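Before any comments, here is the structure.
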Amino acid sequence: MSAKLSSTQIAWRAAQDIQDGAYVNLGIGFPEMVARFQPPGREAIFHTENGILGFGEAPKPGEEDWDLINAGKKAVTLKPGTAFFHHADSFAMVRGGHLDVAILGAYEVAETGDLANWSTGPKGVPAVGGAMDLVHGAKRVAVITDHVTKDGKPKLVKRCSLPLTGVACVTRVYTSLAVIDIEGGRFVLREKLPSLSVDDLQARTGAELVVPSTVADLVTPEL
Amino acid sequence: MSAKLSSTQIAWRAAQDIQDGAYVNLGIGFPEMVARFQPPGREAIFHTENGILGFGEAPKPGEEDWDLINAGKKAVTLKPGTAFFHHADSFAMVRGGHLDVAILGAYEVAETGDLANWSTGPKGVPAVGGAMDLVHGAKRVAVITDHVTKDGKPKLVKRCSLPLTGVACVTRVYTSLAVIDIEGGRFVLREKLPSLSVDDLQARTGAELVVPSTVADLVTPEL
Amino acid sequence: MDKTLPSLAEAVAGIADGAVVMIGGFGGSGAPIELIHALIDRFLATGSPRNLTVVNNNAGNGHVGLAALIEQGMVAKLVCSFPRSADPRVFTEKCLAGEIELELVPQGTLAERIRAGGAGIPAFYTPTSYGTDLAKGKPVEEFDGRPYVRELWLKADVALIKAYKGDRLGNLVFNKAARNFNPLMATAATTTIAQVSEIVEPGAIDPESVVTPGIFVQGVVEVANPAQEEELNRADAVYPERAA
Amino acid sequence: MDKTLPSLAEAVAGIADGAVVMIGGFGGSGAPIELIHALIDRFLATGSPRNLTVVNNNAGNGHVGLAALIEQGMVAKLVCSFPRSADPRVFTEKCLAGEIELELVPQGTLAERIRAGGAGIPAFYTPTSYGTDLAKGKPVEEFDGRPYVRELWLKADVALIKAYKGDRLGNLVFNKAARNFNPLMATAATTTIAQVSEIVEPGAIDPESVVTPGIFVQGVVEVANPAQEEELNRADAVYPERAA
């Protein structure tokens with residue numbers, strides 16, 4: 001029952017759904033990890049909102065070019081066929097629906113598809129970045145997250161309690177315990193850890209899970 | 001009394017008011033002629049809405065590059081420091097007020113600054129091009145025109161009778177007889193042919209001319 | 001990822017009856033003549049596509065390219081700013097006969113509506129056309145004391161564009177003022193097909209100089225020596241060639 | 001026409017108290033550090049400019065560049081999307097103490113508002129921020145069955161930007177992702193001043209590759225080896241240097 005996917009393993013699982021030739025934006029922080037697990041034979045093209053399409057991996061330490069960074073302000077490298085563009089063109093790609101997939105982190109995801117991932121409330125200085133654009137930008141907006149908070153509270157909820165990033169925008173959630181689609185305002189279970197019963201998963205989820213006749217096993221990859 | 005400036009001479013007069021370093025759009029047809037009369041020592045930069053800033057004169061016959069044309073679809077040449085851009089960026093320059101001067105032709109100009117220059121009425125196929133953008137685009141929108149129609153009717157009028165291109169947009173009119181500013185919804189006479197009396201000019205003008213104490217002579221250049 | 005297409009015929013195979021088709025170019029510069037002619041070939045062979053809505057700055061010149069497409073009766077509606085040219089008779093006659101619908105849009109508004117379509121902006125305000133016949137029926141609002149007209153985005157099923165070089169990822173550069181509407185239309189269509197004079201390897205186009213990033217392009221087809229509308233018209237060309 | 005300026009001091013001489021100043025860059029990439037430091041020098045010498053409204057994606061990092069400008073108390077209001085960085089303390093402390101006003105704008109909306117300011121578009125609709133706290137008080141309208149928020153243009157008195165090469169006509173190219181907000185801000189300010197690593201002759205920049213045409217630029221000043229914010233911060237740099 002204490003078995004769960006690590007962040008790395010969640011990122012691996014999310015990467016398996018990215019098709020060859022997909023245009024993908026990975027949110028800053030944890031989601032950036034997804035790029036490391038592209039299945040062999042597939043070539044996704046990564047977009048970063050600060051104006052690069054088709055960047056590659058991180059450079060070796062000491063070889064950073066600080067004019068060649070991603071949205072998380074980490075140094076990246078170039079691949080053949082890269083393009084540079086300014087911020088308005090970059091968000092035209094986002095807002096105009098040209099990305100195939102955006103993968104973001106979350107504080108909370110509601111069964112309505114609402115996402116809260118930018119503010120934990122009125123304390124401190126708020127910062128939003130490109131999150132509110134990205135949730136409206138891609139054909140498919142997915143979230144990767146631990147299934148529950150550090151305190152064990154559900155992150156998949158009936159209605160978000162934290163300030164929203166977007167309304168009805170998330171279509172799939174990859175968690176440490178399950179893969180869940182959001183369809184018609186409901187959480188629909190697609191995969192779960194085989195060691196976990198549906199009841200146990202439901203107990204850790206803040207809204208009702210729709211359980212189809214077939215639920216696949218969530219694979220725990222060796223990484 | 002039959003003395004008047006030719007089209008070429010009107011274009012020459014308009015060119016004298018273009019400052020060194022000005023960004024200028026010349027409407028298709030007659031206004032294109034203004035470029036030929038830049039005063040020595042002044043370098044204006046010409047914009048064409050199909051995506052060139054800083055183009056030069058027409059090429060020699062036989063040396064046309066049909067990918068290097070102006071808005072009138074006439075071949076032009078390049079000057080050092082040219083830039084190419086797409087239509088949205090081009091009209092961002094126009095609409096965003098980045099041009100210093102736009103010089104357009106006219107069917108009618110009203111004392112209100114209204115301009116009619118795109119349609120002679122419901123007959124035939126209408127065509128507007130960039131005229132409606134240009135009238136809102138430049139810090140100074142000037143018109144060059146014969147003072148009267150071929151039938152002798154005033155082109156400077158109280159209110160336009162033809163479909164409008166823009167409202168309250170024209171600030172100066174260069175005609176075959178006079179230079180007239182539009183200020184506070186009135187025609188203000190700045191220059192007239194010395195051979196012409198104010199009364200004669202008023203008789204050929206469809207709205208009242210405000211005549212300041214000083215009216216300069218409109219020069220007839222030898223070209 | 002390889003977006004290159006083996007033939008013009010394959011490039012235009014997916015365009016359906018009733019589609020909204022953006023066609024790049026300003027007059028002849030940047031006009032994808034060969035893609036248009038391939039579309040005519042398909043129509044003559046199969047009767048499809050027909051009933052198209054075409055978005056272009058102009059309405060064709062002579063009897064080639066867009067004018068030929070209109071002449072075949074394939075176009076039900078044209079959205080453009082300037083339906084005049086050296087020889088606009090094909091369009092003019094159909095328009096006056098009521099056989100083709102015309103939506104006249106100021107050129108800068110046309111460009112901005114297409115950009116908005118590509119950028120996910122459903123509407124915007126512009127000073128252009130305020131107080132004129134072309135603003136009739138459109139919402140007007142004041143900002144900073146000046147009146148502005150609200151215009152809607154423009155999107156398409158397909159964009160047919162012409163570029164100079166392209167790679168298999170769809171990155172494109174254009175030739176001089178042949179850029180015009182082409183990069184905008186690439187962003188505003190579900191499927192963008194670019195004819196290019198040369199297909200090059202990824203990396204051959206300097207990433208600083210890419211004008212249309214590949215994300216906006218679904219297909220690239222090589223047309224090594226594309227025709228120029230002005231030269232075809234000077235030679236009195238007609239498409240398809242007519243038996244003597 | 002010659003837009004080159006002889007010195008950084010001259011480049012920032014015209015910025016008035018209370019001005020709205022757009023500052024290019026995304027974090028350190030594309031940040032015009034030397035222009036910002038010249039502005040600080042002027043303030044320390046003359047007490048002006050102060051009470052500035054600054055538009056930037058971020059809020060500074062460490063004690064150089066924008067952070068140093070804020071630290072001097074020259075900034076009354078900041079318009080930005082992401083006031084966080086490796087070391088955001090300068091801004092954070094002033095913000096929490098109520099000494100600086102923050103207008104938080106989603107990054108894509110910030111970019112589009114600046115573009116709109118440059119393009120003469122006073123308002124536009126975007127899906128971004130719909131249903132969130134950042135849309136409060138803004139008009140909402142449905143297009144094609146989806147709700148959108150209306151946003152207003154953003155303009156400035158001055159833009160301070162960083163480019164790679166520039167010519168005396170103001171044509172500019174940028175370096176990699178240091179492009180970011182710089183070309184947009186150039187369009188949206190009454191006066192745009194660009195620091196460039198190298199001033200070149202007109203024609204040395206390929207007209208196909210110009211990113212910012214000279215019409216958007218009023219002054220160009222050469223800074224041959226510009227500092228990079230990340231490197232200054234790794235060296236714990238502070239501007240101006242403090243006596244030990």
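Note that this is a predicted model, so its numbers are computed, not measured. What's counted below: heavy atoms across the whole structure, side chains too, no hydrogens, waters or symmetry copies. So that the names make sense, note that chain A is the first sequence line, chain B the second, and so on, each numbered from 1.
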Pair count under 4.5 Å, heavy atoms only, with chain C: among Gly51(B), Ala131(B), Ala71(B), highest is Ala71(B)
Tell me if a side-chain donor or acceptor on Glu108(B) pairs with a main-chain N or O of Leu156(B) at a distance below 3.5 Å. no
Take a 6.0 Å sphere around CZ of Phe85(B) and say whether it holds more than 12 heavy atoms from other residues, nucleotides or ligands. yes
Backbone of Gly72(B) reached by a side-chain donor or acceptor of Asn70(B) within 3.5 Å: yes
Where does Thr109(C) contact chain B at under 4.5 Å (heavy atoms): side chain, backbone, both or neither? both
Looking at Ala111(C), Gly25(C), Gly30(C), which one has more heavy-atom pairs under 4.5 Å with chain B than the rest? Ala111(C)
Under 4.5 Å heavy-atom distance to chain B, tell me which part of Phe174(C) shows up: side chain, backbone, both or neither. neither
Please indicate whether Tyr164(C) has more than 12 foreign heavy atoms, meaning atoms of other residues, nucleotides or ligands, lying under 6.0 Å from its OH. no
Top contributor to chain B contacts, counting heavy-atom pairs under 4.5 Å, from Pro147(C), Ser85(C), Ala86(C), Gly131(C): Gly131(C)
Other residues, nucleotides, ligands: >12 heavy atoms within 6.0 Å of Arg42(B) CZ: yes
Just give me the residue among Leu134(B), Thr165(B), Val125(B) that pairs up with chain C most often, heavy atom to heavy atom, under 4.5 Å. Val125(B)
So, the part of Val105(C) with a heavy atom under 4.5 Å from chain B: the answer is backbone
Could you tell me if the ring centre of Phe26(C) sits under 6.0 Å from that of Phe181(C)? no
Heavy-atom pairs under 4.5 Å with chain C: which of Val167(B), Asp67(B), Leu164(B), Asp114(B) has the most? Asp67(B)
If you measure only the distance, is there a donor-acceptor pair under 3.5 Å linking the side chains of Gln202(B) and Thr205(B)? no
Counting heavy-atom pairs under 4.5 Å to chain C, which of Trp118(B), Phe55(B), Phe84(B) comes out on top? Phe84(B)
Looking only at heavy atoms and a cut-off of under 4.5 Å, which of Pro126(B), Gly166(B), Pro163(B) has the most pairs with chain C? Pro126(B)
Verify the neighbour count for atom NZ of Lys153(B): are there more than 12 heavy atoms of other residues, nucleotides or ligands below 6.0 Å? no
Can you say whether Leu115(B) sits under 4.5 Å from chain C via the side chain, the backbone, both, or neither, judging by heavy atoms? neither
So for Ile69(B), is it side chain, backbone, both, or neither that comes closer than 4.5 Å to the heavy atoms of chain C? both
Who wins among Met132(B), Glu49(B), His87(B) for the most heavy-atom pairs under 4.5 Å with chain C? His87(B)
What part of Arg234(C) lies closer than 4.5 angstrom to a heavy atom of chain B: side chain, backbone, both or neither? side chain
Measuring centre to centre across the rings, with the benzene-like ring taken for any Trp, is Tyr23(B) within less than 6.0 Å of His47(B)? no
Given heavy-atom pairs under 4.5 angstrom as the criterion, report whether the side chain, backbone, both or neither of Pro83(C) touches chain B. both
Asn182(C), part contacting chain B, at a heavy-atom distance under 4.5 Å: neither
Counting heavy-atom pairs under 4.5 Å with chain B, which one of Ala135(C), Cys80(C), Gly27(C), Ser81(C) comes out on top? Ser81(C)
Is the count of non-hydrogen atoms from other residues, nucleotides or ligands lying under 6.0 Å from Glu57(B) atom CD greater than 12? no
Are side-chain heavy atoms of Leu172(C) and Lys165(C) found at a separation under 4.5 Å? no
